[in-house]
Peer 1: 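Pasting a structure here, questions to come.
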Amino acid sequence: MASKKICAASALILSGALALSACGGGGDSSGGGGGGEDGTVMGFSQVGAESGWRTANSNSIQEAATAAGIDLKFSDAQQKQENQIKAIRTYIQQKVDAIAFSPVVETGWEPVLQEAKRANIPVILTDRAVDTTDDSLYATFLGSDFVEEGKKAGDWLVQNSATADTTGDGKINVVELQGTTGAAPAIDRAEGFRDSIASQSNIAITASQTGDFTRDGGKQVMESFLNSNRGQIDVVFAQNDDMGLGALQAIEAAGLVPGKDIKVITVDAVKDGMQALADGKIDFIVECNPLLGPQLMDLTEKVLNGEDVPKRVVTEETTFTPEQAKSVLADRQY
Ligand code: AHR
């Protein structure tokens, strides 16, 4: 394991544009706190702070690192791949024991992952996958099955198609708010949703545009969908709660009633989304669990101890109707 003596050197390397946390848990929002009681130093590059899900995920990772006695160096890439690559290179220079990251997009990682491999630093993927044929470039990948999430959203629509034709024309026109272009959840949820509705000739995706997984993005895209297709939209499939919540604002501002005039399906099940579901403004939420911190720390310790770990660890998740949201809302952790 790297010892605290690397900290002095890393402080010099840190003087770039990146907002990396200082050794021993100072600096930005590092959860490292006391500085790695077990001597393990982990560099973590987070996607950004684009959604409620992401905030819950960052908190989970920081809290779990503190609980495990791991010195966490945490950086926020602000949804930019170049920032993540810089952060990973900094962690390599710092000779951290392990690197974990949630890749903002799927492609373009092989050169920097090769560098980590040459430096003998194990890389753990969390939340999102990378697109590579060389699976020796990472030790394990912990996260959701995003294709399955999209499929669950589509299955609900198929099962509820009788009430989803809100415009009453015999067709169900769906508009889709996609996540960040090139990101694994955007690609996979779109695929799963399309697979699920493929055999239904009365259901069609009439418009699809990225809202970048943000509330503002969802609102803006929904406004433009309403401007060009008013009276023809039956359903919104928002690939996360935040975009769905932004879409609700646009729908209400247009004088329409979400849940009645336009059905809304989202993914994540963060508290704000669950509240809107309980209030009947959202119709169905597919859960995507952000509380990956404890499993991430556990996997990291195992990898560093040379224990066998599965190459893929899939997060367990469920779905929620309005009634189910009402019954779990009070105890929702995020
Ligand atoms: O990668 C997970 C996705 O990223 C979540 O669904 C979304 O809210 C986040 O921004």
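Indexing begins at 1, ligand by ligand and atom by atom, following the structure's order.
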Peer 1: Examine the side chains of Asp169 and Gln232 and answer whether a donor and an acceptor come within less than 3.5 Å of each other.
Peer 2: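 Checked: Asp169/Gln232 side chains show no N/O donor-acceptor pair below 3.5 Å.
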
Peer 1: Check for me whether Asp242 has a heavy atom closer than 4.0 Å to any atom of ligand 1.
Peer 2: no

Peer 1: Which ligand 1 atoms does Pro185 reach within 4.0 Å, using its non-hydrogen atoms?
Peer 2: 1 (O)

Peer 1: Measure the spacing between CG of Leu125 and CD1 of Ile99 and express it to the nearest 0.5 Å.
Peer 2: 11.0 Å

Peer 1: Testing the 3.5 Å rule here: is there a donor-acceptor pair between the side chains of Ser327 and Gln324?
Peer 2: no

Peer 1: Could you report the tightest heavy-atom contact between Ile205 and Arg194, atom names first, then the distance?
Peer 2: CD1-CZ, 3.6 Å

Peer 1: Could you list which atoms of ligand 1 come closer than 4.0 Å to a heavy atom of Asp127?
Peer 2: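 Those of ligand 1 that fall under 4.0 Å from Asp127 are 1 (O), 2 (C).
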
Peer 1: Which of the atoms of ligand 1 are close to Asp268, meaning less than 4.0 Å from one of its heavy atoms?
Peer 2: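 Listed by number with element: 5 (C), 6 (O), 7 (C), 8 (O).
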
Peer 1: For ligand 1, is Val267 a contact, meaning one of its heavy atoms is under 4.0 Å away?
Peer 2: no

Peer 1: Checking Asp212 against Thr210: is there a side-chain donor and acceptor pair closer than 3.5 Å?
Peer 2: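 On atom types as modelled, these side chains do not qualify, holding no pair under 3.5 Å.
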
Peer 1: May I ask you to establish whether Arg89 and Tyr91 are in a cation-pi arrangement, using a distance under 6.0 Å from NZ or CZ to the six-membered ring centre and at most 45° from the ring axis?
Peer 2: no

Peer 1: Taking 4.0 angstrom as the limit and counting only heavy atoms of Glu50, give me the atoms of ligand 1 inside it, by number and element.
Peer 2: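 Within the 4.0 Å cut-off of Glu50, ligand 1 contributes 4 (O), 9 (C), 10 (O).
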
Peer 1: Taking NZ, NE, NH1 and NH2 as the nitrogens, is one of them in Lys151 or Asp145 under 4.0 Å from a carboxylate oxygen of the other?
Peer 2: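 Salt bridge absent between Lys151 and Asp145.
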
Peer 1: For Ser51, counting its heavy atoms only, list the atoms of ligand 1 lying under 4.0 Å from any of them.
Peer 2: 7 (C), 8 (O), 9 (C), 10 (O)

Peer 1: So between Glu287, Glu149, Gln239, Arg128, whose heavy atom ends up nearest atom 3 (C) of ligand 1?
Peer 2: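 The option holding the nearest heavy atom is Arg128.
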
Peer 1: Using heavy atoms and a 4.0 Å limit, tell me yes or no: is Arg189 in contact with ligand 1?
Peer 2: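 The answer is yes: ligand 1 sits under 4.0 Å from a heavy atom of Arg189.
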
